[in-house]
Amino acid sequence: MLLNELRKKITAIDTQLLDLISKRAELVKNVGEVKISSDTHTYIPEREKQIFENLKKQNHSSLSNESIVSIFTEIISACRSLETPLTVSYLGPEASFTHSAAIKKFGSSVNFVSQNSIDAIFYNVERNFSDYGVVPIENTTEGTVSYTLDKFANSKLKIVSEIELKISHSLLSKEDDINSIKKIYSHPQSFAQCKNWIINNLKNVELIEVSSNSYAAKLSSNEPNSAAISPKIAASRYNLNVLAESIEDSEHNSTRFFIIGKNINAPSGHDKTSLMFSPKEKIGALYEILRIFYNYNINLTMIESRPNKKISWQYIFFIDIEGHYENDIIKKALEEIKNSSTDFKILGSYPQK
Ligand SMILES: C=C(O[C@@H]1C=C(C(=O)O)C=C[C@H]1O)C(=O)O
């Protein structure tokens with residue numbers, strides 16, 4: 001077929017797609033009107049999860065499931081903004097990994113607000129200045145972000161969703177020749193994650209640690225012969241060239257983020273529940289609690305302990321399990337755990353990533 005004919009067909013399909021997307025948008029607007037009278041949240045993560053699962057099952061095209069999900073994330077984002085435009089706080093600065101995670105989860109039709117601390121994110125969501133917040137919770141190489149876990153102990157906010165992001169670093173610079181780089185700015189963790197690449201690819205460069213890798217990109221954009229190790233999206237934000245991509249030493253470098261808010265999610269069919277508790281002070285207390293999970297055949301996906309800030313040498317345990325707390329088995333198990341512990345709290349049930 002001639003190029004012209006192919007393009008004519010593509011244009012015709014685009015017209016059909018536009019018509020269908022417009023019809024979808026009208027329906028979502030109607031859902032928004034129903035929600036006002038029933039006082040329901042705009043963002044329903046369990047419904048969005050079901051939409052994605054359904055599309056993945058039906059996808060027999062040459063497009064990957066990942067591409068389908070990212071296309072529909074944007075369609076849903078634009079439609080959802082017709083109900084109410086959402087405000088989402090993330091751990092900044094702009095172009096940080098948390099910013100990327102927030103865009104991956106909510107799409108771009110959202111008001112994103114950069115916050116300079118995890119505290120500020122919790123504060124803004126608690127006070128309704130933001131509808132949701134995005135906070136890092138654990139990294140495959142660095143482990144859990146204890147500051148985020150500690151915040152849950154004293155907050156009424158719920159975990160409404162989770163997202164995993166592959167952490168990939170790039171070397172960004174105003175220069176276009178890697179040999180002219182004399183200085184590199186980055187966060188200490190990013191330097192650690194790219195250590196071998198730096199040794200093998202750059203000789204006699206000065207490494208300067210800064211508070212974040214998007215700040216590193218900003219500094220480098222004002223300084224000749226310098227570069228930054230940053231997420232690739234910082235290149236367009238600070239008008240830099242991408243001198244090298246995927247320079248991290250480990251292939252498996254991912255960070256998991258929580259979306260925090262006030263939703264109480266219904267089951268999506270494929271959920272996780274996060275909870276915290278302190279075992280009572282007696283021999284075998286933790287063993288007894290873990291045995292409850294074993295007895296009910298409940299799978300644990302994360303366990304982490306943090307000092308209980310109220311009493312010295314006592315600990316709060318944070319646990320993630322598979323299943324939704326409305327599920328009968330989970331309900332029974334959690335009731336038993338509540339009776340065998342103190343400070344018990346369900347932090348949320350949310351669709352698995
Ligand atoms: C339309 C709804 O509202 C939002 C928008 C959705 C969509 O565009 O499909 C899905 C879930 C909600 O986050 C809904 O709740 O069904």
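Keep in mind it's a predicted model, so treat the numbers as computed, not measured. Whatever order the structure lists them in is the order used to number ligands and atoms, beginning at 1.
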Cation-pi geometry met for Lys151 and Phe122 (6.0 Å, 45°): yes

Under the side-chain hydrogen bond (donor to acceptor under 3.5 Å, both in side chains) rule, what pairs show up with a residue in residues 198-212, not counting sequence neighbours? none

Would you list the pairs meeting salt bridge (charged side-chain N to carboxylate O under 4.0 Å, His left out) in which at least one residue belongs to residues 167-184, sequence neighbours left out? Lys183-Glu223

Show every salt bridge (charged side-chain N to carboxylate O under 4.0 Å, His left out) that has at least one partner inside residues 26-44, sequence neighbours left out. Glu26-Lys29, Lys35-Glu83

Please determine whether residues Ile21 and Phe106 belong to a single hydrophobic cluster, defined as Ile, Leu, Val, Met, Phe, Trp and Tyr linked transitively by side-chain heavy-atom distances below 4.5 Å. no

Do the rings of Tyr90 and His99 sit parallel, tilted or perpendicular, given the 30° and 60° boundaries? parallel

Less than 4.0 Å from some atom of ligand 1, heavy atoms are found in residues Arg24, Val28, Val31, Lys35, Thr42, Tyr43, Ile44, Arg47, Glu48, Ile51, Ile76, Cys79, Arg80, Glu83

